[in-house]
Peer 1: 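Attaching a single structure in structure tokens format; questions to follow.
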Amino acid sequence: MSIVTDTAAAPDRKVVWITGGGTGTGRSVAAAAARAGWGVVLSGRRAAPLEETAAAITRDGGAALALPLDVQDVQAVAAARSAVVEEFGRLDGLVLAAGLNAPRRRWDDQDIAAVHDIIATNLSGPATVIDAALPDLRRSGGVVVVVSSYAGWTFSPGAGVAYSASKTALGPLVRTLNQQEAPHGVRACHLCPGDIATDFLDQRPEVPDEAARAVMLTPDDVARTVQFVLDSPPHVRIDELVLSPVSQR
């Protein structure tokens with residue numbers, strides 16, 4: 001655990017826990033949340049990007065805590081949740097942005113071990129983090145943003161077997177959470193962004209060039225949308241949002 005903030009300075013500050021928070025979309029989400037006054041907890045597999053993101057946030061006067069973990073590790077997720085509450089005293093939001101795909105993603109070339117890894121990261125991972133954080137979200141009337149995919153909203157042939165299946169399954173995960181936890185004020189959004197110009201594109205069988213990336217969404221585009229959901233009033237639930245570049249077809 002690495003803490004790089006004075007959390008006691010703002011005890012009423014809302015706190016969001018972001019998985020996949022060290023790079024790409026997750027990093028932009030973290031920066032936007034910090035600018036909006038939220039305390040930010042960053043999790044992901046690699047410690048160095050988390051530390052860099054946390055340091056950047058605190059240099060700008062924000063509050064950030066880096067907690068490296070693999071979302072597939074149930075015990076690590078539970079321990080991280082405890083660390084969040086111990087440090088900040090509350091948890092008001094989750095943004096689940098950790099994701100995985102592989103270049104070999106078709107039935108005729110995929111590796112079944114990679115299939116299991118993708119599903120565990122993209123589907124089981126969000127379920128694990130939500131389950132661990134749910135008691136805190138019930139207390140705060142918290143909000144969950146599950147960063148899914150355009151492929152989770154409509155069939156996208158190039159997304160692959162495991163990725164398409166895991167992202168599509170996030171829709172029912174969000175809907176059941178909303179239906180069952182509404183009495184506690186918990187709200188969740190299934191956010192389905194189209195093509196985003198990040199390093200995640202390097203996992204494609206054919207990596208897009210700079211011209212292709214130039215017309216895609218940026219991480220900041222997604223971050224603005226996530227912050228809109230996080231800052232919506234407690235009586236408002238945004239069940240699903242699809243965000244796509246004009247070039248998406």
Side-chain angles (χ1 to χ4, degrees), residues 1 5 7 10-21 25-26 29-30 32-34 36-44 62-67 69-99 121-148 152 169-192 222-223 225-241:
M1 179 176 74
T5 181
T7 55
D12 296 329
R13 177 192 285 122
K14 287 186 176 182
V15 177
V16 59
W17 183 10
I18 303 166
T19 65
T25 298
V29 167
W38 289 63
V40 175
V41 181
L42 305 161
S43 288
L65 173 65
L67 293 175
L69 59 80
D70 184 340
V71 293
Q72 298 184 34
D73 186 333
V74 176
Q75 292 182 337
V77 169
R81 172 263 163 194
S82 296
V84 173
V85 176
E86 179 180 355
E87 190 59 49
F88 286 96
R90 61 189 297 167
L91 180 58
D92 304 272
L94 297 177
V95 179
L96 305 173
T121 298
N122 295 352
L123 178 58
S124 299
T128 298
V129 178
I130 293 169
D131 184 74
L134 195 52
D136 309 299
L137 298 174
R138 287 169 175 161
R139 282 189 287 272
S140 64
V143 59
V144 179
V145 182
V146 179
V147 182
S148 180
L170 291 173
L173 183 146
V174 168
R175 287 192 289 273
T176 56
L177 184 64
N178 280 334
Q179 192 275 327
Q180 295 173 21
E181 293 299 323
H184 300 287
V186 175
R187 300 157 290 145
C189 176
H190 183 220
L191 179 61
C192 302
V222 182
T225 304
V226 170
Q227 197 59 43
F228 167 71
V229 177
L230 290 177
D231 287 337
S232 294
H235 70 282
V236 174
R237 186 177 77 202
I238 302 168
D239 296 76
E240 186 171 68
L241 274 175

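Only this structure's heavy atoms are used, side chains among them; waters, hydrogens and symmetry mates stay out. When a residue number appears, it is its place in the shown sequence, counting from 1.
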Peer 1: Does Thr128 reach the main-chain N or O of Val74 with its side chain, forming a donor-acceptor pair under 3.5 Å?
Peer 2: no
Peer 1: Tell me, do Asn122 and Leu170 make a side-chain contact under 4.5 Å, heavy atoms counted?
Peer 2: no
Peer 1: Find the distance between NE2 (His184) and CG (Leu177) and round it off to the nearest 0.5 Å.
Peer 2: 10.5 Å
Peer 1: Can you list the residues that meet the side chain to side chain donor-acceptor pair (under 3.5 Å) rule with Asp136, with sequence neighbours excluded?
Peer 2: Arg81, Arg139
Peer 1: Within a strict 4.5 Å, meaning less than it, do heavy atoms of the Asp92 and Val16 side chains meet?
Peer 2: no
Peer 1: Side chains of residues 141-148: which donor-acceptor pairs under 3.5 Å do they make with residues two or more places apart or in other chains?
Peer 2:
{"from": "Ser148", "atom 1": "OG", "to": "Lys167", "atom 2": "O", "distance (Å)": "3.3"}
{"from": "Ser148", "atom 1": "OG", "to": "His190", "atom 2": "NE2", "distance (Å)": "2.9"}

Peer 1: Which pair of non-hydrogen atoms, one from Phe88 and one from Val40, has the smallest distance, and what is that distance?
Peer 2: CZ-O, 4.5 Å
Peer 1: Check Ala133 against Leu91 and note the closest heavy-atom contact, atom names and distance.
Peer 2: CB-CD2, 3.6 Å
Peer 1: Nearest 0.5 Å, please: how far is CD1 in Ile238 from SG in Cys189?
Peer 2: 6.0 Å
Peer 1: If you take all heavy atoms of Arg237 and Asp239, which pair is closest and at what distance?
Peer 2: NE-OD2, 2.9 Å
Peer 1: Identify the heavy atoms of Thr121 and Gln72 that sit nearest to each other, and give their distance.
Peer 2: OG1-NE2, 2.8 Å
Peer 1: If you take all heavy atoms of Trp17 and Val77, which pair is closest and at what distance?
Peer 2: CH2-O, 3.7 Å
Peer 1: With rounding to the nearest 0.5 Å, note down the distance linking CG in Leu67 to CD1 in Ile18.
Peer 2: 12.0 Å
Peer 1: Got a sec, which residues hit side chain to side chain donor-acceptor pair (under 3.5 Å) with Asp231, two or more places apart in sequence or on another chain?
Peer 2: Trp38, Gln227
Peer 1: With side chains defined as the heavy atoms from C-beta onward, is the minimum distance between Ile130 and Leu96 less than 4.5 Å?
Peer 2: yes
Peer 1: To the closest 0.5 Å, what do you measure between CG (Leu137) and CZ (Arg187)?
Peer 2: 10.0 Å
Peer 1: Looking at every non-hydrogen atom in both residues, tell me the closest pair between Ala32 and Ala223 and how far apart they are.
Peer 2: CB-CB, 4.0 Å
Peer 1: Please tell me if the side chains of Val222 and Leu191 come closer than 4.5 Å, counting only heavy atoms from C-beta onward.
Peer 2: yes
Peer 1: Would you compute the distance between atom CG of Leu42 and atom CG of Leu65 and round it to the nearest 0.5 angstrom?
Peer 2: 8.0 Å
Peer 1: If you measure from OG1 on Thr19 to CG on Leu94, what distance do you get to the nearest 0.5 Å?
Peer 2: 8.0 Å
